[in-house]
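Everything on this sheet refers to the single structure shown next.
Throughout, protein chains are lettered first and strands after them, A, B, ... in sequence-line order, and every chain is numbered starting at 1. The basis for the numbers below is simple: all heavy atoms, side chains too, and nothing from hydrogens, waters or symmetry mates.
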Amino acid sequence: MELILSLGIGVLTGSGVWLLLRPRTFQVIVGLSLLSYAVNLFIFSTGGLRTGAPPILEDGRAGTLAMHADPVPQALVLTAIVIGFATTALFLVVLLAARGLTGTDHVDGKESGR
Amino acid sequence: MSGWMDHLTIAPIVLPLLAGAVMMLIDERQRTLKAVIGMASALGLLGLAVLALAVADSGADAGAAGVRVYRLGNWPANFGIVLVLDRFAALMLVLTGILGVAALMFSLPRWQKAGAHFHPLFQFQLMGLNGAFLTGDLFNLFVFFEIMLAASYGLALHGSGLARVRAGLHYVAINLSASLLFLIGVSMIYGVSGTLNMADLAGRVAGLAAEDRGLLEAGAAILGLAFLIKAGMWPLGFWLPNTYSTLNPASAAIVSVLSKVGIYAVLRLWLLVFGDGAGASGGFGGTVLLVGGLLTVGFGSIAVLATQNMARLAGAIVLVSSGTLLAAIGAGQMPVTGGALFYLTSSVLAVAGFFLVIELVERGRGVGADVLAVTREAFGEGDDEDAEDGGSGGGAGVAIPATMALLGIGFLSSALLLAGLPPLSGFLAKFAILSPLLAAGPEVAATTWILLAALVLSGLATVVAMTRVGIDAFWASPAAEVPRVRVAEIAPVLLLLSLNLALTIQAGPAMRYMEDTARSLHAPQDYNGAVLSGVQTPAPAAAPVAAKAAGGGR
């Protein structure tokens, strides 16, 4: 499970960084989205990977991390998803405004080398 | 918990939140009503901030160190979220409050009409800033950073136009990437230390296992990157002059604090987590701050000299002041930090005033007048024309209109402040940074001499650039049209300058406050103790309690 998760995070990050450095605004926003997926998975993984562990206290079980899933990264990742979603939507609006005003989808607002 | 004073700590966050939320419900056409609510909220915030400063400084009813802790839901700090009000946070609250009032007043005659939703965005900006200063928890720092940034995206694009959207696109993309770095850093720190509370983290750093230490330091470095992007440290700050120069002035005055938020976060977390109590990790990254700060001063000075446009000049000056602060912080000595805080106060007020004054000066000049002026200078053209103008005017000299005189005074004092020349507080601030460095001992380190040279040379570069721009704007302006300026627009400029004057005259008490702040930052036991009071024992001891409960259940 660790290997699959770390490979997944790595591939998402790599693709995200590559797209982020591309000259088209659409590529940039897809790159940012992929990066934020990678970061969300990364936050989730900091709580330790395991299956079947209950997230809330129960009778008859000691309230330690050995017995339960760590709830904090789950709360963090939820917040990060919401905030990331909102800011990406906001970026999309800026991107459309730039497309409308400059007439091109280049990130600098003008085509380079032409 | 006794009475209303306990809620003083959260009031600077709640007040703009409520004001902004109410404004969202009001129709966009009722601008006067919104302006009244916004102004009332900004003035209220300033009042609260001054009260907070007084409370934090007196420390009368808040424990010995003047640290007030506000526990949301009254949970102990290791479970719940805390807000912490200490001297440093109170200082930043007051600065934000002053800039909020000044920028809002400036926007009333003209800029509030340049686009939709200016007032709610402005309130949310204030809320995010205040929250970032008050929070005692890493993840809430992230949340307030995002609130502050989301509002600043809106304010950066306020007024629209090709240049703003183009620069805004880069600004948003860079800050989104920085936020991702922030999250990675926070989650790495949580993964290693098991806490997000800053004071709790500070207590756990020394006891970390050797193999975890590298991970924690890597996490802290990534987190630091996110802050340094905001502060505009040299390889990370190329976006800054470009974005700041396209902002409308009212937004620029308040958004210029954002770079100082980066500085605030670095100063607070670095001294807390990697201070003297950090064991093997103590002082981690100090060299990076020092060298990075020096490089930023160098890059900023070159940018100051190279620029032909007043707004870009202001952006470059922000870089210089960030660099100076980072280098002073990186020196890692308590009296130098006190000087750096004084410099921070002075430069925040001066930069905001400069952003406001340049728009008023630019108003009387045609578009691109700056570039034309420098071109004329370079190629020697236009001298004849000027001579003719002078001849036809009779040469007897024209009385300078009152507006131009006021703007001239504003510009001149901004120049003195930003360059750090004697009469005003900019000089005192630089002196306060340098004198403890030089007085440290008979052996003065090489970095100290470099810092000294950097501060003096950056001041010189600022003087040269400001003189050039000032001569063009006030003495040799091709279009001698006097800008139309309202009282409400010149008043905030004069307010900011007179506050700086007050800071100069009252430098003794102000410096005493900064030194107290620096002392508590460098010895954070009081901060940690106040935040963690009520926490019985660190996390491992929670297990037996739970086990007992489990035993009872059996």
(request) Please flag which part of A/S45 lies under 4.5 Å from any non-hydrogen atom of chain B: side chain, backbone, both or neither. (result)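 Neither; nothing under 4.5 Å.
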(request) Could you look at A/I43 and say if it's the side chain, the backbone, both or neither that has a heavy atom under 4.5 Å from chain B? (result)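 A/I43 touches chain B through backbone and side-chain heavy atoms alike.
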For the [atom1] atom on [X], are there more than 12 heavy atoms of other groups (residues, nucleotides or ligands in this structure) within a distance under 6.0 Å?
| X | atom1 | result |
| --- | --- | --- |
| A/L7 | CG | yes |
| B/F238 | CZ | yes |
| A/F91 | CZ | yes |

(request) Indicate yes or no: at least one non-hydrogen side-chain atom of A/D70 is less than 4.5 angstrom from one of B/Y190. (result)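 Heavy-atom side-chain distance check passes, below 4.5 Å.
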(message) Is there a side-chain contact between B/L183 and A/F42 in this structure, where contact means two heavy atoms from C-beta onward sitting under 4.5 Å apart?
(response)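 Counting from C-beta outward, B/L183 and A/F42 never come under 4.5 Å.
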(message) For A/T46 and B/M188: C-alpha separation, side-chain torsions, deciding distance, then whether side-chain contact (heavy atoms from CB on, under 4.5 Å) applies.
(response) CA-CA 7 Å; A/T46 53; B/M188 278 175 84; 5.7 Å; no
(request) Under the side chain to side chain donor-acceptor pair (under 3.5 Å) rule, collect the residues that match up with B/S251, sequence neighbours excluded. (result)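 Side chain to side chain donor-acceptor pair (under 3.5 Å) check on B/S251 returns B/N248.
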(request) Pick one of side chain, backbone, both or neither for B/L157, based on which atoms fall under 4.5 Å of a heavy atom in chain A. (result)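 Just its side chain gets close to chain A.
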(request) Let me know if B/L196 has heavy atoms under 4.5 Å from chain A in its side chain, its backbone, both or neither. (result)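 For B/L196, side-chain heavy atoms alone lie under 4.5 Å from chain A.
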(message) Using only non-hydrogen atoms and a strict under-4.5 angstrom cutoff, which residues of residues 27-41 of chain A touch chain B?
(response)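 If one takes a 4.5 Å heavy-atom cut-off, the residues of residues 27-41 of chain A near chain B are A/L32, A/L35, A/S36, A/V39.
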(message) Can you list the residues of residues 74-82 of chain A that sit under 4.5 Å from chain B, counting heavy atoms only?
(response)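 Residues in range: A/L76, A/T79, A/A80.
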(message) Strictly less than 4.5 Å between heavy atoms, which residues of residues 163-175 of chain B line up against chain A? Please order them by number.
(response)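 Contacts with chain A: B/V165, B/R166, B/G168, B/L169, B/H170, B/V172, B/A173.
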